Each structure stands twice: as structure tokens, then as C-alpha cells.
There are 2 protein chains.
Amino acid sequence: MSCKRRCGAQWWHGKVKDCGYRITSGREAIIEALSVTQDHLSAEDVYTRIHDKYPNVGLTTIYRTLDMLVNAGLVFRFDFGDGKSRYELTEGPKGAHHHHHLVCTECKRVIDYTDFIDDELELLRSTEKGLSEKYGFRIDNHLIQFYGTCTDCLAK
Amino acid sequence: MSCKRRCGAQWWHGKVKDCGYRITSGREAIIEALSVTQDHLSAEDVYTRIHDKYPNVGLTTIYRTLDMLVNAGLVFRFDFGDGKSRYELTEGPKGAHHHHHLVCTECKRVIDYTDFIDDELELLRSTEKGLSEKYGFRIDNHLIQFYGTCTDCLAK
DNA sequence: TCCTTAATGGAAACAATTTCCAATAATAAG
DNA sequence: CTTATTATTGGAAATTGTTTCCATTAAGGA
């Protein structure tokens with residue numbers, strides 16, 4: 001039985017197919033895990049979260065799939081300085097929910113913020129345009145993070 | 001003979017001492033390596049560059065020292081997605097030379113740009129203020145990177 | 001339903017970084 | 001200057017996130 005039969009069509013199937021990738025139940029599971037959380041999951045986090053329901057999806061597949069999803073533009077990879085990559089969907093079933101990050105350098109806690117995002121995005125757009133013209137880059141993405149110490153760590 | 005005698009006082013000695021760290025010739029060498037280049041050095045790059053002149057500085061010391069310098073605020077650690085950390089002085093002997101990065105996701109080439117930096121910094125300052133008030137963070141730093149494909153990789 | 005080929009899991013390899021520990025050297029104290 | 005204290009050190013070994021290998025499985029077009 002094909003995976004499509006089993007799972008039903010999903011919002012992301014088109015994008016994955018357009019890039020020439022197949023739809024599999026492992027990929028289903030991984031995207032599902034990313035879409036039901038606000039957390040910033042590492043590859044191993046994903047593994048842990050799907051392992052009960054999909055015990056036959058190995059860690060290797062998770063790494064491979066996350067790479068693939070980053071390539072396909074469905075997932076963004078972040079580095080918050082704790083030695084492992086963290087992944088987030090670039091958009092959910094309901095569309096984009098754009099945010100940037102505030103990272104505590106003590107406890108590595110990450111806060112997603114959307115405040116001021118409109119001003120930021122506007123500036124980014126114009127900067128992007130200027131940069132791509134000047135340097136001949138095709139710009140697909142940006143990263144903004146603020147680093148500091150969170151309330152809890154300041155209290156210590 | 002103390003290191004200070006051997007090396008003479010340097011612009012960064014105060015900061016390092018204020019944090020309770022000692023001045024050693026290894027640290028001298030590492031900061032020297034970072035300050036004479038525009039490149040984004042990895043720990044191993046630093047090792048390679050100082051090894052002729054300081055054959056007795058080991059890779060372990062480099063990792064430790066870079067960590068220490070990041071803590072002391074003299075060095076910033078970057079991740080450009082090639083699997084190793086890269087380091088830059090936050091300021092040189094002549095003071096800050098603030099820039100942001102344009103990263104090619106194909107070849108991992110990194111361009112430092114300073115265009116539009118004033119507008120960016122102004123927006124960042126006000127965002128920083130807003131965020132630190134709202135979330136109770138003390139913000140010490142920020143990161144802005146643009147990702148895309150460079151001219152050379154586009155040509156292929 | 002069959003066929004081609006992408007996708008898979010698990011073990012092993014890999015690479016960046018960290019840990020351990022005895023030896024060394026920077027600085028404070030005398 | 002000399003001595004005592006203690007941070008720093010190099011190198012080997014351990015660790016850990018990630019990738020590679022390869023024989024097996026399964027997706028999806030025909």
C-alpha cells in the first residue's frame with residue numbers, strides 16, 4: 001500500500017515531489033513531529049518523539065530527511081551554540097509564521113519573538129535587494145538572532 | 001621571563017585580566033593570528049597559522065583559548081554551516097569594524113559586508129531595547145546573516 | 001501488478017571538540 | 001629576586017554529532 005493511501009495528501013507533498021523526492025512514512029513522521037511543536041528540535045529530539053509510533057525509522061533517516069527538507073526549503077536549520085543543529089519548519093500547514101530568535105548564552109534557552117518583525121522584515125528586504133545587486137548573490141534567506149542572558153540566568 | 005616582558009603590553013590584556021585570566025604566549029599567538037587576517041578562521045586554521053612560530057601551542061589550547069575569548073567578549077563565534085565553528089575578533093586594536101555576513105550555501109564562501117550597516121544597526125538598537133524590556137533579557141550581541149548563492153555558483 | 005530506482009536501517013567510519021592528567025609556567029607574596 | 005600557589009599546558013584518549021557504506025525494502029510510474 002502506498003504511503004499516500006495510508007496517510008492522505010498533505011500540504012507539503014507538492015513541494016517534496018516538485019524537488020523529485022518521494023513521499024514516505026518516515027518523512028511523514030518527521031514533518032509531523034516538526035509541525036506539532038514550537039520547540040527547536042535536534043535530529044535526536046525528532047528521533048525520540050517519533051520512535052514510539054514509528055520504531056522502524058532510524059536516526060540516519062532523520063538526518064538524511066532533515067537535510068533533504070532543508071534543501072527543499074521546507075525546513076530551516078539553526079545553530080544556537082549547543083553543538084547540535086536544530087530544525088524548524090519554515091512554514092506550517094497554515095502558512096508562514098515568521099519569527100526571529102533571542103538566545104540565552106548561559107542556559108541556551110531560545111525565545112521566538114515576532115515583535116518588531118515588520119520593521120525588521122522591511123529593512124531586510126531592502127538590504128537584501130541592495131546586497132544581491134552589489135554582490136551578484138541570489139539571496140534566499142536570512143538569519144537574525146540576539147544573544148544575551150535571560151531573566152532566570154540574570155537572577156543567579 | 002614573564003610573557004609580558006617578552007611580548008610587551010597589548011590592547012587586550014586589560015580585558016583578559018579583568019576576567020581573571022592570565023596572559024600567556026599561546027593566547028598572545030592566537031589573538032595575533034585573529035588580528036592579522038580578515039578570514040573567518042576555524043580552530044584548526046588558527047593552529048596551522050601559528051604552528052611555525054609557536055610549535056608548542058597545541059590544538060587543545062586553541063579550543064580552550066577561543067572559548068575563553070568568547071566568554072571575555074573579545075571574540076565572536078560563527079557558524080556558517082560547514083560543520084566547524086569560525087572565529088572573529090569582536091574588535092581589533094583600532095576598535096570595532098562592525099560587519100555582517102553573506103553566506104553562499106553552495107560553496108560556503110562568506111562575504112563581509114558593511115553596506116547598509118548603519119540602518120541595520122539603528123534598527124537593531126531599537127529592537128534590542130524593545131526586546132530586553134519585554135523579555136527581561138540583557139542583550140549583548142546580535143547576528144545577522146543572509147544566505148544564498150554566490151555569483152560563481154550561480155554560473156554553474 | 002511489475003519494474004526501476006530512490007529510500008532505508010544499522011554498523012562502522014568520521015571529524016570536531018572535550019576531557020583527563022601529569023608537567024609547566026604566570027603571577028602574587030615574601 | 002626567590003618561592004609558593006594555582007591556572008594553564010600538550011598530548012592521548014574519550015566523546016558526540018553526523019556521514020558513509022551496503023545490502024534490503026518500498027515508492028510510484030508503466
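Owing to the predicted nature of the structure, the values given are computational and were not obtained by experimental measurement. Convention: sequence-line order gives letters A, B, ...; per-chain numbering from 1. Below, each value reflects all heavy atoms present in this structure, side chains not excepted, and no hydrogens, waters or symmetry copies.
The CD atom of A/E28 sits 12 Å away from the P atom of C/dT8 (whole-angstrom rounding). Between the NZ atom of A/K17 and the C1' atom of D/dG28 there is a distance of 8 Å, given to the nearest Å. If you measure from atom CD1 of A/I23 to atom P of C/dT8, you get 11 Å, rounded to the nearest angstrom. Distance CD (A/Q10) to P (D/dA27): 15 Å, rounded to an integer number of Å. Rounded to an integer number of Å, the gap from B/I62 CD1 to C/dA16 P is 14 Å. In this entry the distance linking CE of A/M68 with P of D/dT18 reads 17 Å, nearest Å. Whole-Å rounding puts the A/F78 CZ to D/dG17 P distance at 20 Å. Separating the CD1 atom of B/I30 from the P atom of D/dG10 is a distance of 8 Å, rounded to the nearest angstrom.
By the side-chain contact (heavy atoms from CB on, under 4.5 Å) test, B/N56 pairs with B/Y54, sequence neighbours left out. B/H51 pairs by the ring pair (Phe, Tyr, Trp, His ring centres under 6.0 Å) definition with B/Y47, not counting sequence neighbours. Take B/K129 and apply the side-chain contact (heavy atoms from CB on, under 4.5 Å) test, not counting sequence neighbours, and it matches B/E133.
For A/D45 and A/R86, the salt-bridge test passes: some basic side-chain N is under 4.0 Å from an acidic carboxylate O.
At the phosphate of C/dA26, neither OP1 nor OP2 sits under 4.0 Å from any side-chain N or O atom of B/T24. Phosphate contact (OP1/OP2 of C/dT8, side-chain N/O of A/R27, threshold under 4.0 Å): present.
Near DNA chain D, meaning a heavy atom under 4.0 Å away, there are no residues from residues 34-54 of chain B.
One hydrophobic cluster, built from ILVMFWY side chains closer than 4.5 Å, cannot hold both A/I117 and A/L89; they sit in different ones.
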Under 4.0 Å protein heavy-atom contacts per nucleotide of nucleotides 18-23 of chain C, with B for base, S for backbone only and - for none: BBB---

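Residue B/F78 is found in a hydrophobic cluster whose other members, listed by chain and number, are A/F76, A/F78, A/F80, A/V103, A/V110, A/L143, A/Y147, B/F76, B/F80, B/V103, B/V110, B/L143, B/Y147; membership requires side-chain heavy atoms under 4.5 Å apart, directly or through intermediates. A/L123 belongs to a hydrophobic cluster with B/L123, counting contacts under 4.5 Å between side-chain heavy atoms of Ile, Leu, Val, Met, Phe, Trp and Tyr, direct or through other members.
Applying the side-chain hydrogen bond (donor to acceptor under 3.5 Å, both in side chains) test to pairs two or more places apart or on separate chains, those with a residue in residues 57-75 of chain B are B/D67-B/R77. Evaluation of the salt bridge (Lys or Arg N to Asp or Glu O under 4.0 Å) test over residues 97-126 of chain B, restricted to residues two or more places apart or in two chains, returns A/K134-B/D115.
Heavy-atom distances to DNA chain C give each of B/K84 and B/R22 a nearest nucleotide, and the one nearer the 5′ end belongs to B/K84.
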